[in-house]
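Structure first, commentary second.
Position 1 is the first residue of the sequence, and the numbers go up from there.
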Amino acid sequence: MPSRRLRIVATAIAAGLVLVLAGGVVVTAVTIRKPLPQTSGTLELSGLDAEVQVVRDAQGVPSITAGTTDDLFRAQGFVAAQDRFFEMDYRRHVTSGRVSELVGANEDALAADSVIRTFGWRDVAEQEWELLLPETRSYLEAYAEGVNAYLDSRSPDALGVEYTVLGLQVDVADPEPWDPIDSVAWLKAMAWDLRGNYDDELARATTFAAVRDVARVNELFPAYPQDRNAPILPELTDESLRATATADDGAAGLGPDLASEELQRALASAQDALAAVPQLVGRGEGIGSNSWVVGGEHTASGQPILANDPHLGISAPSVWSQVGLRCADVGPQCPFDVTGFSFAGFPGVIIGHNEQLAWGLTNLGADVTDFFLERISGEQYLLDGERIDLETRTETIKVNGGDDVELVVRSTGHGPIISGVLPEVNAARVAPLPEGAPAGVYEISLGWTALAPGRSADAVFAINLARDADDIAAAAALFEVPSQNIVFATTDGHIGYQAPGKIPIRAQVPGSPVPSDGSWPRPGWDSAFDWQGFVDPADMPAVLDPEEGFIVAANQAVTRPGVGPFLTSDYDYGYRAQRIRDVLSAATEAGTKIDVASTQALQLDDANPYAEMLVRTLMTTRLESEFDRAGQRLLRDWDRRSTTDSAAAAYFAAVWSNLLELTFWDDFPESYRPTGGSRWLEVVRGLLERPDDPWWDDRTTVGVVEGRDEILTRALTSARLELTVEISKDPSDWSWGKLHTAAPEHSVLGGEGVPSAIRTLMNPGAVAVPGGSAMVNAMNWDAGTDSYAVTSAPSMRMVVDLADLDASTWVNLTGVSGHPASTHYADQLDDWAQGRTFAWPFSPAAVDEAARDRLTLRP
């Protein structure tokens with residue numbers, strides 16, 4: 001299901017900007033540079049107990065040293081506001097369902113506000129506040145004080161050029177003070193974009209309406225290929241890790257209702273509502289990450305090496321903000337000495353290392369959401385044969401310069417009702433049903449673990465202070481959402497893995513064909529299908545110092561079937577993970593020692609698993625014309641790598657895109673066209689062995705039944721013609737980099753419809769990149785569109801050398817600053833695209849040597 005960015009300016013203020021610009025008013029260099037912060041010398045920061053030092057390196061990355069934890073996080077809040085306050089402000093408006101207050105009357109903004117108010121992210125964050133440890137609350141309060149101290153000294157136009165642009169159309173008041181709940185609510189946005197399989201669950205139900213055959217639907221969601229792609233913990237067989245559920249191959253169990261026009265309208269309504277939530281971290285197939293850790297017995301230094309590169313959406317500025325946080329005297333009263341990647345708007349470090357332990361995160365993909373089909377009559381819903389009153393509340397959405405909008409939110413015991421939230425889509429009324437069937441209106445509610453208050457904010461600081469496997473396990477017990485694989489290594493030589501997350505337990509209802517694995521929507525009118533509790537954190541998979549000497553966690557299955565609790569049936573299919581494992585296994589078996597350089601090279605690996613699966617068959621396909629064979633010949637000697645200069649990689653990508661279109665577009669609605677990710681690789685692999693399978697038939701051709709060979713021939717010839725039109729008639733002019741580019745886009749002012757002068761200011765230029773979907777260098781693109789542009793990518797790359805932390809390396813996607821006039825707005829982009837990284841100073845001496853700017857914050 002495609003996601004959409006919030007196109008604020010495209011509909012709300014573009015016309016006003018065009019008129020203003022046409023009138024001769026231009027955004028001057030003075031206006032653009034006004035928000036740039038002071039990064040050297042001395043500034044006053046109210047509330048400090050003592051001076052705080054902030055030094056920045058050549059990339060503008062701040063390292064903060066303070067005497068107390070309150071001063072440390074107060075300074076982090078101040079520095080975050082210096083660099084990225086508009087991003088922080090936008091994020092808190094999104095997570096509170098208040099985007100319309102910021103940008104004015106706008107269809108996308110109102111839709112986003114309506115859905116997020118229905119979820120109640122802010123309400124849940126407020127409930128979480130009471131659960132957090134006192135020290136966590138003090139860190140969040142100090143951070144907010146630092147942000148507010150910066151706000152107190154600046155007008156809106158000095159906080160971000162975005163306020164100046166928005167002010168051309170709407171009233172821009174002084175931003176309200178930062179509240180600690182603003183930070184907590186951000187974790188809900190992170191959890192939403194990294195939740196489990198909700199799009200696959202909707203896709204199954206929607207596809208069933210088209211094909212009316214559960215077995216055929218299941219062919220499009222094949223089982224994880226355990227025989228080819230190993231799980232994260234292949235050695236784990238501990239029977240004490242009890243299984244709480246197993247994946248099922250049964251029918252949808254909801255009978256003809258799933259195919260009914262009425263229920264499909266309800267599902268479409270839910271889909272539209274979920275798509276209205278702006279992408280903040282990343283979304284869709286391809287969102288994930290690579291991480292691995294190698295034990296010292298296999299490294300050149302004799303100590304572990306850890307690598308991580310989260311695959312998220314690309315944006316300007318990037319998702320991550322680099323920072324170092326150090327207590328001047330590390331001890332019980334001020335224990336932090338940590339560096340890494342943080343989120344603007346939240347204190348601490350999300351991924352990185354301290355002086356004793358490094359950790360990386362990848363999306364586990366656990367199924368933590370379920371759609372429940374509800375029978376609604378008036379203001380009641382059906383449960384176990386009884387009518388129960390809906391919970392309702394009224395939300396008031398304020399619109400900058402417009403009228404308030406009233407929204408009635410309704411919930412069942414499963415969660416908020418999301419069908420019918422958007423004004424243009426209503427819930428579906430069900431046609432007359434057989435005698436005895438429950439009557440009423442079909443609507444869709446969402447069960448999601450993140451809609452119950454938890455302690456993930458505590459977990460962030462617990463990980464920042466972790467020293468060993470026990471500390472990681474304790475932090476993981478708090479890290480309820482989003483469910484992330486944690487790999488870690490310590491300076492005393494240990495490596496490990498821990499799975500955290502609040503994982504629902506689903507029962508297999510006796511006599512019911514509804515699967516217990518959460519892969520299909522569930523009947524909300526029968527409590528037997530409700531969640532039966534949650535997996536005990538002590539039962540979550542974990543390992544310390546495995547025998548093979550390395551751990552790879554790249555969104556693949558966690559364990560072998562039946563080992564440990566059931567987590568999901570919708571993992572990534574493991575091609576990236578297996579490629580990493582193969583390279584590491586070959587090195588360790590040959591006795592080749594792994595170092596930082598070889599680890600960086602593996603992060604950039606662009607071996608194409610699609611090519612390994614498909615090229616041999618493509619080369620046996622007979623093409624009639626020399627014109628078409630000129631494209632096909634490129635595959636003969638291709639090294640199967642997707643480098644930017646490869647003509648064969650460009651041609652193969654076009655063939656793959658056309659193959660998916662010719663095979664599947666006639667079977668699906670546009671919103672569920674194949675994206676070309678690892679699931680579709682596995683689907684096509686199976687179909688190649690069945691040349692007469694009905695999926696090959698193009699139903700748009702009357703009187704003709706196509707098979708595999710016909711579709712492959714058409715895909716080859718269509719790709720040749722496409723690249724001839726797109727690039728050149730001569731295949732030697734083709735290259736993957738001419739098609740495959742990464743173009744970070746500003747979330748509010750970077751979209752289509754924005755005047756080009758503003759887009760040029762806010763969006764860094766597109767850069768050619770190698771790699772692609774399901775490759776280690778995961779520069780994902782969507783084969784369901786007419787573009788090969790990157791949709792998600794390694795949002796950063798880091799390699800940590802536990803033998804010498806100062807020998808570690810990192811790179812961000814764009815830069816540390818959110819101000820387009822800053823030299824650090826996109827100064828890392830070209831290096832990121834070409835696979836280069838920067839030194840990552842950590843020790844006081846290394847930080848001092850790398851310093852380019854020095855700022856003293858005084859009370």
* Asked: What residue among Met88, His93, Arg92 forms side chain to side chain contact (heavy atoms under 4.5 Å, CB included) with Asp182?
  -> Arg92
* Heavy atoms from other residues, nucleotides or ligands near CD of Glu355 exceed 12 (cutoff 6.0 Å) -> yes
* Asked: Among pairs that include at least one residue of residues 32-44, which meet salt bridge (Lys or Arg N to Asp or Glu O under 4.0 Å), considering only residues two or more places apart or in two chains?
  -> Lys34-Asp157
* Carboxylate-amine/guanidinium contact Asp174 Arg154, below 4.0 Å -> no
* **Partners meeting ring-ring contact (aromatic ring centres under 6.0 Å, His included) with Phe78 (sequence neighbours left out)** => Tyr150
* All side-chain hydrogen bond (donor to acceptor under 3.5 Å, both in side chains) counterparts of Thr362, not counting sequence neighbours -> Asn485
* Structure fact -> Residues at least two apart in sequence or cross-chain that pass side chain to side chain contact (heavy atoms under 4.5 Å, CB included) with Pro770, listed by chain then number, are Asp606, Thr644, Asn777
* Structure fact -> Sorted by chain and number, sequence neighbours left out, side chain to side chain contact (heavy atoms under 4.5 Å, CB included) with Ser787 holds for Thr785, Ala789
* Asked: Does the side chain of Arg326 reach to within under 4.5 Å of the side chain of Val847, using non-hydrogen atoms?
  -> yes
* Structure fact -> salt bridge (charged side-chain N to carboxylate O under 4.0 Å, His left out) filter on Glu849, not counting sequence neighbours, yields none
* Asked: Any salt bridge between Asp605 and Arg576, counting N to O under 4.0 Å?
  -> no
* Phe461-Phe73 aromatic ring centre distance below 6.0 Å -> yes
* **Cationic N near anionic O, under 4.0 Å, Arg852 to Asp57** => no
* Would Phe346 and Tyr139 satisfy ring-ring contact (aromatic ring centres under 6.0 Å, His included), going step by step from the backbone distance to the final call? -> CA-CA 10 Å; Phe346 196 91; Tyr139 304 154; over 10 Å; no
* To do: Applying side-chain contact (heavy atoms from CB on, under 4.5 Å), run through Thr31 and Thr164 and close with a yes or a no.
  => CA-CA 8 Å; Thr31 301; Thr164 300; 3.7 Å; yes
* **Test side-chain hydrogen bond (donor to acceptor under 3.5 Å, both in side chains) applied to Glu87 - qualifying residues, sequence neighbours left out** => Arg84, Arg91
* With Arg858, which residues qualify under salt bridge (charged side-chain N to carboxylate O under 4.0 Å, His left out), at least two apart? -> Glu51
* Which residues share a ring-ring contact (aromatic ring centres under 6.0 Å, His included) with Trp840, sequence neighbours left out -> His353, Trp810
* Structure fact -> Applying side-chain hydrogen bond (donor to acceptor under 3.5 Å, both in side chains) to Ser342 and not counting sequence neighbours gives none
* What residues form a side-chain hydrogen bond (donor to acceptor under 3.5 Å, both in side chains) with Lys738, not counting sequence neighbours? -> none
* **Test item: side-chain donor near acceptor, Gln600 and Thr809, under 3.5 Å** => yes
* To do: Answer yes when Glu176 and Arg98 have at least one side-chain N-carboxylate O distance shorter than 4.0 Å, and no when they do not.
  => yes
* What pairs of residues pass the ring-ring contact (aromatic ring centres under 6.0 Å, His included) test when at least one of them lies in residues 29-61, not counting sequence neighbours? -> none
